[in-house]
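Read the structure below first, then the notes.
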Amino acid sequence: MVYGVAHVVSYLSQFMTLHPGDVISTGTPPGVGMGMKPQQYLRPGDVVELGIEGLGQQRQDVVADI
């Protein structure tokens, strides 16, 4: 990570209230678009899903920026 955990929590706390149990997603997983050949990026219609056992799951649908 470029910034330590304390810095990230301090920075985010300026804009939102953090509560015990909140999850802060940082970084990118292996296989991200810029590092692939050819490069691949998310497009409208793509779906990103992730989950942490015991915590839950989340889903984001990619839409065009209008």
Side-chain angles (χ1 to χ4, degrees):
M1 285 180 39
V2 175
Y3 300 102
V5 172
H7 179 84
V8 172
V9 171
S10 173
Y11 179 76
L12 289 175
S13 295
Q14 296 176 52
F15 308 103
M16 63 182 65
T17 302
L18 296 172
H19 299 281
D22 284 349
V23 175
I24 301 171
S25 297
T26 62
T28 53
V32 280
M34 184 179 281
M36 299 177 81
K37 293 187 184 191
Q39 293 179 344
Q40 298 177 8
Y41 297 96
L42 294 172
R43 296 182 302 243
D46 287 346
V47 176
V48 178
E49 296 180 313
L50 65 93
I52 300 175
E53 188 174 328
L55 287 179
Q57 299 176 351
Q58 61 178 328
R59 171 189 166 120
Q60 289 84 35
D61 298 308
V62 179
V63 297
D65 186 18
I66 300 175

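- You'll find the side chain of T26 stays beyond 4.5 Å of the side chain of V5, heavy atoms only.
- Counting heavy-atom neighbours within 6.0 Å of Q39 CD, excluding the residue itself, gives a total above 12.
- Q57 contributes atom CD, which lies 7.5 Å from atom CD of E49 (distance to the nearest 0.5 angstrom).
- Note: the hydrophobic cluster containing F15 also contains I24 (ILVMFWY, side chain heavy atoms under 4.5 Å, direct or indirect links).
- Follow the hydrophobic side-chain contacts under 4.5 Å out from Y3 and you reach M16 in the same cluster.
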What do the steps show when you test R43 against V62 for side-chain contact (heavy atoms from CB on, under 4.5 Å), and what is the final call? CA-CA 6 Å; R43 296 182 302 243; V62 179; 5.8 Å; no
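- At least one donor-acceptor pair closer than 3.5 Å links the side chain of S13 to the backbone N or O of V9.
- Between D46 and Y41, the closest heavy-atom pair is OD2-O, 4.2 Å.
- Considering CG of L18 and OG of S10, their distance stands at 10.0 Å, rounded to 0.5 Å.
- The 12-atom threshold is not exceeded at CD of E53, counting heavy atoms of other residues, nucleotides or ligands nearer than 6.0 Å.
- Between H7 and Y11, the ring-plane angle classifies as parallel under the 30° and 60° cut-offs.
- Distance CG/L50 to CD/Q60: 6.0 Å, rounded to 0.5 Å.
- Considering only heavy atoms from C-beta on, V48 stays 4.5 Å or farther from R59 through its side chain.
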